[in-house]
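Following: one structure in structure tokens, then a few remarks.
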Amino acid sequence: MALCQGILDIIRDRAAEEGFSRVAVVRLCVGALSHVDPRALEFGFDVVARGTLAEGAELRIDRPAGQAFCMACSQTVTLAARGEPCPACGSHQLMVVGGDELRVEELEVS
């Protein structure tokens, strides 16, 4: 719920800066390694958006794959979840380089 409230705070700040009064679509980028469940985010957003300029807004969630650099084999690999070994060599010496983000990408407003 705290993440959803943070998203709503971002929307309110943008509305104050840009002068819109209604949000139709909120597009988020929620990386596969972000530890955020998109279904929980959708439910929580519906709850915190009630009675606000984002009430009824459609939540569109992009889920980029996790990316990590393997220090053992010097390859950038795709990971479905944290804690997985390198799919190329089996090492766990991985440094996440992508897919751990959570950000508001775009708002469709009126």
Minimal non-hydrogen separation, [X] against [Y], with atom names:
X: Leu33; Y: Gly98; value: CD1-O, 3.9 Å
X: Arg12; Y: Leu53; value: CG-CD2, 4.0 Å
X: Ser34; Y: Arg63; value: OG-NH1, 4.1 Å
X: Gln75; Y: Ala88; value: NE2-CB, 3.7 Å
X: Ala54; Y: Ile11; value: CB-CD1, 4.4 Å
X: Asp100; Y: Arg82; value: CB-NH2, 3.4 Å

Hey, does [Y] have a side-chain heavy atom less than 4.5 Å from the side chain of [X]?
X: Phe20; Y: Leu107; result: yes
X: Pro64; Y: Cys29; result: yes
X: Pro87; Y: Thr78; result: no
X: Leu41; Y: Leu3; result: yes

Separation between [atom1] of [X] and [atom2] of [Y], rounded to the nearest 0.5 Å:
X: Glu18; Y: Asp13; atom1: CD; atom2: CG; value: 11.0 Å
X: Gln93; Y: Cys70; atom1: CD; atom2: SG; value: 7.0 Å
X: Met71; Y: Cys89; atom1: CE; atom2: SG; value: 11.0 Å
X: Phe45; Y: Arg50; atom1: CZ; atom2: CZ; value: 12.0 Å

Say whether [X] and [Y] are linked into one hydrophobic cluster, either directly or through other cluster members, by side-chain heavy-atom distances under 4.5 angstrom.
X: Val104; Y: Val30; value: yes
X: Phe43; Y: Val48; value: yes
X: Leu102; Y: Val96; value: no
X: Leu79; Y: Val97; value: no
X: Val47; Y: Leu8; value: yes

| query | Distance-only, no hydrogens or angles: does the Arg27 side chain make a donor-acceptor pair with backbone N or O of Arg60 under 3.5 Å? | reply | no
| query | Donor-acceptor pair, Gln5 side chain versus Met1 backbone, under 3.5 Å? | reply | no
| query | With a 4.0 Å cut-off, would you call Arg39 and Glu42 a salt bridge? | reply | no
